[in-house]
Undergrad: 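One structure is given below, represented as structure tokens, and several questions about it will come after.
What you see is a predicted model; the values in this text were computed from it and never measured.
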Amino acid sequence: MDELTGPLEEVFKDLKEKWKEFQEEPPFSDVVMGFVSAVDWKETWIQALMATQVVVMLLALFTRKSVVLQSVLFFVAAATIYMAERLNALGDAHWEKFSKQAYFDKRGVFFSTLVSGPLILAMLVLLINYLVTCSVMLVKAKRQELKYKGQQRVKVEKAADAGTGAGTGAGTSGGDAGGTKTTGPKKAGSKKTK
């Protein structure tokens with residue numbers, strides 16, 4: 001038991017140190033407000049980027065019936081997020097050409113916040129729409145299946161009723177529901193004796 005207390009004490013000591021470091025860090029709201037105040041929201045390219053994100057979200061919301069458009073939107077957003085690191089590096093290399101400040105850092109915080117984050121949100125909306133569409137289609141398919149099975153059951157019952165009604169006649173029948181020929185009962189005196 002003493003073998004376990006040594007490593008556990010070290011783990012708890014480590015956790016206490018991390019907790020103290022976490023408490024000393026500024027609150028998340030201060031970090032967000034620092035980010036918001038550091039960005040010049042009046043720059044044309046940032047406004048265009050924000051407008052593009054709004055258009056993408058509106059397309060995701062209002063094109064629910066167009067599977068093709070939503071698929072294209074989903075894959076364009078996924079490709080943009082996949083290329084985020086390269087696009088961030090490209091922005092870092094050429095920021096002087098379109099911006100007043102260098103927003104693109106090595107960690108990609110700016111790009112992730114203003115590009116990847118909204119695109120992931122739009123992809124979530126698209127994914128939820130796909131799931132809703134699939135569930136509606138599944139319900140429709142199940143209803144069609146049940147309707148078809150009901151129609152088949154009615155046909156089988158009608159065929160069975162028609163077959164039993166014709167077979168109860170005068171003793172001979174041209175055929176039953178199974179398609180086999182039957183003959184009536186033989187007369188007792190019809191056998192030849194030698």
Undergrad: Could you list the residues that satisfy side chain to side chain contact (heavy atoms under 4.5 Å, CB included) with Met33, not counting sequence neighbours?
TA: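 Here no residue qualifies.
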Undergrad: About how many Å separate CE of Met137 and OG1 of Thr133, when rounded to the nearest 0.5 Å?
TA: 8.0 Å
Undergrad: Inspect the surroundings of CZ in Phe98 and state if more than 12 heavy atoms from other residues, nucleotides or ligands are less than 6.0 Å away.
TA: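 More than 12 within 6.0 Å, yes.
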Undergrad: With the side chain counted from C-beta on, respond yes when Met57 and Pro118 share a heavy-atom pair under 4.5 Å apart, and no when they do not.
TA: no
Undergrad: Can you name the closest pair of heavy atoms from Leu61 and Val125 and give their distance?
TA: CD2-CG1, 3.7 Å
Undergrad: Between Met50 and Leu114, what is the shortest heavy-atom contact and its length?
TA: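 Scanning both residues completely, I find the closest heavy atoms to be SD-CD2, 3.8 Å.
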Undergrad: Do you see a donor-acceptor pair shorter than 3.5 Å between the side chains of Asp40 and Gln101?
TA: no
Undergrad: With a 6.0 Å cut-off (strictly less than), is the heavy-atom count around CH2 of Trp41, excluding the residue itself, greater than 12?
TA: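 For Trp41, atom CH2 is crowded (more than 12 foreign heavy atoms under 6.0 Å).
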Undergrad: Check for me, please, whether Phe75 and Leu119 land in the same ILVMFWY cluster - side-chain distances under 4.5 Å, paths through other members count.
TA: yes
Undergrad: To the nearest 0.5 Å, what is the distance between CD1 on Ile81 and CD1 on Ile120?
TA: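 Ile81 CD1 to Ile120 CD1: 4.5 Å, rounded to 0.5 Å.
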Undergrad: Around atom CD of Gln47, are there more than 12 heavy atoms of other residues, nucleotides or ligands at under 6.0 Å?
TA: yes
Undergrad: Who are the side chain to side chain contact (heavy atoms under 4.5 Å, CB included) partners of Leu73, not counting sequence neighbours?
TA: Val56, Leu59, Ala60, Leu126
Undergrad: Trp45, Val55: one ILVMFWY side-chain cluster at the under-4.5 Å cut-off?
TA: yes
Undergrad: For the pair Phe104 and Phe110, name the ring-plane relationship: parallel under 30°, tilted 30 to 60°, perpendicular over 60°.
TA: perpendicular
Undergrad: Do Val154 and Val156 land in one hydrophobic cluster if side-chain heavy atoms of ILVMFWY residues count as linked below 4.5 Å?
TA: no
Undergrad: Identify whether Val36 and Phe111 are in the same connected component of the hydrophobic contact network (ILVMFWY, side-chain heavy atoms under 4.5 Å).
TA: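 Linked, Val36 and Phe111 end up in one cluster.
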Undergrad: Glu145 pairs by side-chain contact (heavy atoms from CB on, under 4.5 Å) with which of Arg143, Lys142, Lys147?
TA: Lys142
Undergrad: For a salt bridge (Lys or Arg N to Asp or Glu O under 4.0 Å) with Asp92, tell me which candidate from Arg107, Arg86, Lys106 qualifies.
TA: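 Among Arg107, Arg86, Lys106, the one that satisfies the salt bridge (Lys or Arg N to Asp or Glu O under 4.0 Å) with Asp92 is Lys106.
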Undergrad: Just by modelled atom types, is the Val132 backbone N or O under 3.5 Å from a matching donor or acceptor in the Ser135 side chain?
TA: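 Side chain of Ser135 to backbone of Val132: a pair is present.
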Undergrad: Give the cluster check for Met123 versus Val115: same hydrophobic cluster or not, with ILVMFWY residues linked at side-chain heavy-atom distances below 4.5 Å.
TA: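 Yes, Met123 and Val115 fall within the same hydrophobic cluster.
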Undergrad: Nearest 0.5 Å please: distance from the CE atom of Met83 over to the CG atom of Leu90.
TA: 9.0 Å
Undergrad: Do the side chain of Glu43 and the main chain of Lys100 share a donor and acceptor less than 3.5 angstrom apart?
TA: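 Here the side-chain-to-backbone pair exists.
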Undergrad: Apply side chain to side chain contact (heavy atoms under 4.5 Å, CB included) to Leu58 and list each qualifying residue two or more places apart in sequence or on a separate chain.
TA: Val54, Phe62
Undergrad: Do side-chain atoms of Asn88 reach the backbone of Asp105 as a donor and acceptor pair under 3.5 angstrom?
TA: yes
Undergrad: Is there a donor-acceptor pair under 3.5 Å between the side chain of Tyr103 and the backbone N or O of Trp95?
TA: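 Checking the backbone N and O of Trp95 against the side chain of Tyr103, no donor-acceptor pair under 3.5 Å is found.
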